[in-house]
Amino acid sequence: MTPRKIIIDTDPGQDDAFAILFALGSPKELEVVGITTVGGNVPLRLTSLNALKVVELAGRPDVPVFAGCPSPMVKPLLTAEYVHGETGLDGAELPEPVTPLQAEHGVNWMVRTIMEAEVGEITVCTLGPMTNLAMAMTMEPRIIPRIREVVLMGGGFFEGGNATPAAEFNIFVDPHAAHKVFASGVPVTMAGIDCTYTAQMTPEWLDRLRATGSRAAIEAANLADFFRIYGSHKFPTEARPIHDACVTGYLLAPEIFEQRQCHVTVDISSPVTIGMTVVDWWHVTGLEKNCNVLRRIDADPFFELMLERISALP
């Protein structure tokens, strides 16, 4: 089987780190051709630094990292140190990377890579605000029909939002970018918080991950413990969602997700609901279905697969 070629667009973030490690630990199925970073959970300087730390933790400094857009297309940047800590990767002791950032801007590299690849060869996985991808589509619209699929962590519907009552964080930070992508005609799969809330890592699972003994697994567990304890406290148990890793999980095992084709649009006008993903789950509008919406995940096989793949890293 030829590995599926993916670009990971990210703003690490402990859960981003899990998604990246999960992907890099699955080389038979996924080829990470490069990583682009964006301002999101923390500012761009830190998300870029964090992406370099993660590829080095995985023993994959050959995976190039490109810094992209520092701020959203229209709004000022909103960050989430209140969830991820001041560095974005609080909880682990990761050394300063020796691998340099690539000189090329992330958006330019994304456009060039998609244009040079065969049609339908590249999947773009967005784990943060969708600024880089939307800017790439704006700069070179010819990439749109060349993309195999966009798989994103973001949005919500029956669960509402987590940044506002209506909007999930990644979409809320740059709703105009998300609107551009959803309206572009590219195939989109959305892992929103309705899905990711059903993928909750438990302290017991983290103990199993740590016990595998690989450095990547131990540091990932340390990151997750910080994220679990310091982050959202809306959940009634000690388990917490590992949001962005659901993107990698979908690429590897789509059959473990409940999913439905729906029409989805992003609100970019209301001061109350800006950033809301309006999901026509019941098909009441009759509008064209433009998104594969992930509703739930079968958590047990998801966490078993992630443990296997991350613990296989050095």
Side-chain angles (χ1 to χ4, degrees), residues 4 6-26 30 32-44 46-55 57-58 63 65-70 72 77-80 83-84 88-89 106-107 110 122-136 147 149-156 162-163 168-174 177-178 181-182 188-193 195-197 199 201 220 223-224 227 231 241-252 275 277 294 297 302 306 309-310:
R4 181 172 181 170
I6 65 171
I7 292 171
I8 296 179
D9 186 61
T10 183
D11 61 339
Q14 290 89 349
D15 54 333
D16 303 70
F18 267 80
I20 296 166
L21 293 171
F22 196 2
L24 293 176
S26 305
L30 301 175
V32 181
V33 298
I35 294 174
T36 53
T37 59
V38 67
N41 286 323
V42 288
L44 181 67
L46 290 174
T47 62
S48 300
L49 181 69
N50 291 346
L52 291 171
K53 289 181 177 180
V54 173
V55 296
L57 176 63
V63 176
V65 177
F66 301 82
C69 296
L77 176 64
L78 171 75
T79 56
V83 173
H84 299 278
L89 286 184
V107 173
M110 185 182 291
I122 301 292
T123 296
V124 181
C125 304
T126 64
L127 311 180
M130 304 180 79
T131 314
N132 288 333
L133 179 56
M135 291 299 292
I147 296 172
E149 185 179 10
V150 173
V151 184
L152 70 111
M153 190 276 127
N162 60 2
E168 179 275 331
F169 177 83
N170 285 341
I171 307 296
F172 181 70
V173 169
D174 198 341
V181 174
F182 276 93
V188 174
T189 291
M190 181 180 97
I193 57 175
C195 173
T196 66
Y197 282 0
M201 55 185 179
L223 288 169
F227 187 58
I242 189 69
H243 305 283
D244 292 337
C246 291
V247 168
T248 308
Y250 168 77
L251 294 174
L252 294 171
T277 45
L294 306 183
I297 188 171
F302 169 74
M306 184 158 57
R309 299 306 171 82
I310 293 178

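Since the structure is predicted, the reported quantities are computational estimates derived from the model, not experimental observations.
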- Task: Supply the atom-to-atom distance Thr47 OG1 to Asp11 CG, rounded to the nearest 0.5 angstrom.
- Result: 6.5 Å

- Query: If you measure from CG on Leu21 to CZ on Arg309, what distance do you get to the nearest 0.5 Å?
  - Reply: 13.5 Å

- Note on the structure: Nearest heavy-atom approach of Phe227 to Pro241 is CE2-O, 3.4 Å

- Quick one: does Asn162's side chain have a donor or acceptor within less than 3.5 Å of a partner on Phe169's backbone? yes

- Drop me the distance from Leu127's CG to Asp9's CG, to the nearest 0.5 angstrom. 7.5 Å

- Note on the structure: Closest non-hydrogen contact found for Val54 with Ala17 is CG2-CB, 3.8 Å

- Query: Which pair of heavy atoms, one from Ile171 and one from Gly154, lies closest together, and at what distance?
  - Reply: CG1-C, 4.0 Å

- Query: Are Val83 and Asn41 close enough, and set up right, to give a side chain to side chain contact (heavy atoms under 4.5 Å, CB included), and what steps lead you there?
  - Reply: CA-CA 8 Å; Val83 173; Asn41 286 323; over 6 Å; no

- Heavy atoms only: give me the nearest Thr37-Ala67 pair and the separation to one decimal. OG1-CA, 3.2 Å

- Give a yes or no on whether the backbone of Pro129 and the side-chain of Asp174 come within a donor-acceptor separation of less than 3.5 Å. no

- Item | Test side chain to side chain contact (heavy atoms under 4.5 Å, CB included) applied to Asp244 and Asn170, step by step | CA-CA 11 Å; Asp244 292 337; Asn170 285 341; 4.2 Å; yes

- With the side chain counted from C-beta on, respond yes when Thr126 and Val181 share a heavy-atom pair under 4.5 Å apart, and no when they do not. no

- Message: Treating Thr189 as the side-chain partner and Val151 as the backbone partner, does any N or O pair qualify as donor plus acceptor under 3.5 Å?
- Response: no

- Task: Hey, could you give me the CD1/CG distance between Ile147 and Leu133, rounded to the nearest 0.5 Å?
- Result: 5.5 Å

- SG of Cys125 to CG of Leu30, rounded to nearest 0.5 Å, is 7.5 Å

- Message: Are there over 12 heavy-atom neighbours, none belonging to Met135, within less than 6.0 Å of that residue's CE?
- Response: no

- Query: Do you know which of Val55, Ile20, Ile7, Leu24 makes side-chain contact (heavy atoms from CB on, under 4.5 Å) with Val32?
  - Reply: Leu24

- Task: For His84 and Asp15, run side chain to side chain contact (heavy atoms under 4.5 Å, CB included): C-alpha distance rounded to whole Å, both residues' side-chain angles, the deciding distance at 0.1 Å, then the answer.
- Result: CA-CA 9 Å; His84 299 278; Asp15 54 333; 3.5 Å; yes

- Message: side chain to side chain contact (heavy atoms under 4.5 Å, CB included) for Ile193 and Met153? Distances and angles first, verdict last.
- Response: CA-CA 8 Å; Ile193 57 175; Met153 190 276 127; 4.0 Å; yes

- Query: Going by the angle between their ring planes, with limits at 30° and 60°, are Phe302 and Phe22 parallel, tilted or perpendicular?
  - Reply: perpendicular

- Item | Closest approach of Ala51 to Val65 (non-hydrogen atoms, all atoms of both residues) | CB-CG1, 3.8 Å

- Message: Please evaluate residues Glu168 and Thr277 with respect to the criterion side-chain hydrogen bond (donor to acceptor under 3.5 Å, both in side chains), reporting the C-alpha separation (whole Å), side-chain torsions for both, the decisive distance (0.1 Å), and the verdict.
- Response: CA-CA 8 Å; Glu168 179 275 331; Thr277 45; over 6 Å; no

- Item | Ile8 versus Ile6, closest heavy-atom pair with distance | CG1-CD1, 3.9 Å

- Message: Just so I know, are the side chains of Pro72 and Leu77 near enough to count as touching, which here means a heavy-atom distance under 4.5 Å?
- Response: yes

- Note on the structure: Between the CG atom in Asn132 and the CE atom in Met110, the distance rounded to the nearest 0.5 Å is 5.5 Å

- Within-4.5 Å side-chain heavy-atom neighbours: Leu152 and Val247: no

